[in-house]
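Every number for a ligand or one of its atoms is a count from 1 in the order of the listing. For clarity, every value in this text was computed on a predicted model and none was experimentally measured.
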Amino acid sequence: MSSSNSTFIHLHTLDLRIHDSPSLHIAHQPNDPSTHFLPVYIFDPRQLDLSFLPNSPASPSSKGGNGVQKEQDESAQYGPKRTRSSPLSRVGGFHRTSPYRLRFLLEAVFELRESYRRSGGDMLIGYGKPEVLLPSLVQRLKQDGEVSGVWAQREYTVEEVGNLRRISEALTELGIDLNLVDSKTLLPPAHLPFDPSKNTPDVYTQFRTKVEGMGLHLDAQGGGMLVPPLKTAVETQDGGPKVSIDKNGGRLKPFPTLDLGVIELGGKQGGWIKQGDEADSMTGMYEALSRPLFDSSPLAGWSSSVSPGKSGKRNVTLPPLHGSSPIPFSGSEKAALDRLEDYIGHPPSSSSSDSDSGRGEKGWVGGNKARHYKETRNGLMGEGFSTKFSAWLSLGSLSPKEAGWRIGQMLEALGRDKEVYKNVYWIMFELLWRDFFQYTVYKYSLTSNDDFHPNSTLFNPDGFSSQIDTYPQDARPNVEEWHYPNLDDTNDVGRRWCEGLTGVPFIDANMRELRETGWMSNRGRQNVASFLTKDLYCDWRIGAEFFEMHLVDYDTCSNWGNWQYQAGVGNDPRSSRQFNPLKQAKDYDPDNAYVRLWLPELKDVPDSHIQTPWLYNDKSKLGGYPSKPLVELPQWKKFYPGQSGSKGGRDRHRKGGGGGGKAKGNSGKGPKNSREQ
Ligand SMILES: Cc1cc2nc3c(=O)[nH]c(=O)nc-3n(C[C@H](O)[C@H](O)[C@H](O)COP(=O)(O)OP(=O)(O)OC[C@H]3O[C@@H](n4cnc5c(N)ncnc54)[C@H](O)[C@@H]3O)c2cc1C
């Protein structure tokens, strides 16, 4: 590179996409001085055990979640200015990333590199602490030219903000700025009608009312609630998105020439992936990063579809998806955009034949699933009952603005049909929940100067409740009375919950599905969280960490925020939220298909007793399933076989679209119901 070269570096973190990319947009403005565009992704030892990659920092060995583990170093403490140093969770000692989560991440990362390559550029992949790797890269680039700046997505959570801050400090020493862009939420912080760091309402309905007050009309100048996504990519015919910008002749600025071999990193600090390295492919990287996962399998093990065979040989291909997975998708940006198309559809293009939708309806193409979303969203089985956008949103391979804008377009096109409007708008309603949790966490983690809040409470047992008063403190659970699970004890109720062995089939089926597929429906999540915290009275953080390990859509704000909400230590406006698993099974698994799918050992138990096997006389038919539930509550009795609330003579309900049980519990409740999630 000549000294007139200037490189724009974008550090990809949870923004694994090229569509709606502020960095691509900024780097290609006429006034931007950079001559080259260098995207980077770095696997971080705080998320993944990197021990099997060359020159890697050794990670603390995992207990695999077999005992409550408190890390001894200061990183174990939750609080300002502290971060963790290990890829294990703090309370349960679980791996933070399961093989399925890893698969989804690798697909997103490596496919992103393909998108850059398809566009004439490339992406650098490294492993180690970004605050160590990035400065060494900058120093190397500065030998031959300039670095115009390093850019990354703004985050709102203590750990991620701490990481960005360390990067910023290291770069400042080299005279380089770390610039942050807002690409994480549907509604960017500067667009909100309040200062999110101080005034995010504590109750969802108030949050929603304020933002909806801006109007849903799609205003290209950003006058309405929604902000138009940036047009930085187009779909190609040959299998994926490609960078396309309205400046620079539509072309991506070139990738700089780099000799990675000469970038100096201290011993055991990680490295950059070079062409031909074993880890220079999805499967190669999977092999290195999954080894520690199989070397210490967690409580209840990994999915039977990914576990090493009996010979002990590891799986060296990407783990195959479970045959009944409700999320049979890749983590790539292309898969995200395909899903958006499949679920929502698109406006007719004037040039193509789809100006008439083919459904006898002008103005919109496709979107059949979205048209029924509100009716199906409480389903449990199949891919179609809900959008599944969360998995791509969590990694940023789908832009929330892109999704929201497309939904807004559909509403504009079809809004006169009240039924369609109600169904489609409910997706927006849910996306706003996501923003609500992002900004709640922001408010209670960071101040308006982006300093750490002195009392960050996202991960503490009493959650936000020490700071907010959505309902009286004396109606909150007493944290002192909680059971702190001993996961080494096979009889511990917290452990039995993790293993899907509580003896309550509706709960256990959901927990088995989570382990087997990396997914659980929203209905299931609410139920198992309520059961752990309200029925078993366990520390909710075990549940949040177990979810973090397994969920392919794990998102810090949505996960920990929802867990607090369910546990009664968050910003739920209602104190009495407790799900009755038998009523829930009756309403949402009316023909028992869900429980039968995930608890095959109960195959010989008749329908009359499959949700209450402890009441079945012939215990020999339980196939090893617990013969007694861990708890039995009086309010369940109404739903026992033969009782007034039970299914009686096999009352079969019609199935909703996409294979999900039609949500009975919800019908008739419009978006005015603030508590509905
Ligand atoms: C205990 C618990 C833990 C959860 N952990 C996570 C998590 O780690 N990551 C995550 O993305 N969601 C989490 N959720 C929220 C919700 O369950 C999922 O977002 C939803 O099930 C994802 O499926 P979907 O994309 O098909 O959602 P859809 O029903 O299609 O909704 C569309 C989008 O709205 C957003 N959304 C919907 N419900 C919620 C909600 N309650 N909170 C925040 N956003 C919401 C999601 O982005 C989702 O993709 C959790 C909920 C509970 C009760």
Side-chain angles (χ1 to χ4, degrees), residues 14 96-97 101 104 157 184-186 204 207-208 326-327 329 336 339-340 342-344 369-370 372-380 382-401 403-404 406-407 423-441 463 497 510-511 513-514 518-534 540-572 577 579 658 660 663 666 675-677:
L14 297 173
R96 295 183 77 187
T97 306
R101 255 190 92 197
F104 217 76
T157 41
K184 179 113 198 195
T185 49
L186 173 66
Y204 172 71
F207 172 85
R208 181 167 78 89
I327 181 146
F329 305 116
R339 178 66 174 176
L340 185 64
D342 173 49
Y343 210 92
I344 309 290
K369 289 174 180 162
H372 299 281
Y373 170 78
K374 186 168 180 286
E375 296 151 19
T376 62
R377 60 178 280 271
N378 276 302
L380 302 172
E383 52 72 27
F385 66 83
S386 66
T387 65
K388 308 296 185 295
F389 291 165
S390 57
W392 297 288
L393 289 170
S394 70
L395 293 178
S397 40
L398 176 63
S399 153
K401 269 162 61 206
R406 189 82 69 88
I407 295 164
N423 274 280
V424 178
Y425 190 78
W426 206 283
I427 307 175
M428 192 77 80
F429 174 89
E430 297 297 342
L431 283 174
L432 290 176
W433 268 107
R434 180 176 178 272
D435 273 22
F436 172 64
F437 281 120
Q438 301 284 330
Y439 288 124
T440 301
V441 171
W497 177 89
N510 275 287
M511 294 304 293
E513 181 189 22
L514 174 66
W519 183 263
M520 191 193 291
S521 68
N522 185 52
R523 179 62 34 197
R525 295 179 203 200
Q526 295 183 82
N527 269 279
V528 302
S530 166
F531 191 80
L532 183 73
T533 59
K534 302 281 172 58
W540 60 278
R541 297 174 305 163
I542 280 289
E545 289 186 351
F546 198 73
F547 269 33
E548 173 172 357
M549 170 166 66
H550 282 293
L551 277 178
V552 294
D553 71 354
Y554 169 73
D555 170 272
T556 308
C557 303
S558 292
N559 187 60
W560 291 79
N562 270 292
W563 266 99
Q564 289 201 10
Y565 195 95
Q566 297 298 333
V569 296
N571 43 6
D572 188 350
R577 187 180 301 276
F579 286 77
N666 249 347
R675 287 153 194 159
E676 185 59 58
Q677 276 193 300

Which one holds for Trp519 and ligand 1: side chain close, backbone close, both close, or neither close, with close meaning a heavy atom under 4.0 Å?
-> side chain
Closest heavy-atom approach to atom 30 (O) of ligand 1 among Ile427, Thr387, Val552, Asn559 is made by Thr387
To which of Glu548, Lys369, Glu430 does the heavy atom nearest atom 34 (O) of ligand 1 belong?
-> Glu430
Taking all heavy atoms of Met520 and all of Glu513, pick out the closest pair and write down the distance.
-> CA-OE1, 4.0 Å
Taken in chain and number order and not counting sequence neighbours, the residues that satisfy side chain to side chain donor-acceptor pair (under 3.5 Å) with Thr387 are none
Options Ser558, Ser530, Ser386, Ala567, ranked by nearest heavy atom to atom 26 (O) of ligand 1, top entry = Ser386
Pick whichever of Tyr373, Phe429, Phe436, Phe389 has a heavy atom sitting closest to atom 28 (P) of ligand 1.
-> Tyr373
Does the separation of the ring centres of Tyr554 and Phe104 fall below 6.0 angstrom?
-> no
Any N or O of Gln566 that comes nearer than 3.5 Å to an N or O of ligand 1?
-> no
Classify the contact between Arg377 and ligand 1 as side chain, backbone, both or neither, using a heavy-atom distance cut-off of under 4.0 Å.
-> neither
For Asp342, all residues meeting side chain to side chain donor-acceptor pair (under 3.5 Å), sequence neighbours excluded | Arg339, Lys369
Is Arg525 positioned over the aromatic face of Trp563, cation under 6.0 angstrom from the ring centre and no more than 45 degrees off axis?
-> no
Checking heavy atoms under 4.0 Å, the part of Asn522 that sits near ligand 1 is both
Between CG of Asn571 and OG1 of Thr440, what distance do you get to the nearest 0.5 Å?
-> 5.0 Å
Side chain or backbone of Phe547 under 4.0 Å from ligand 1, or both, or neither, by non-hydrogen atoms?
-> side chain
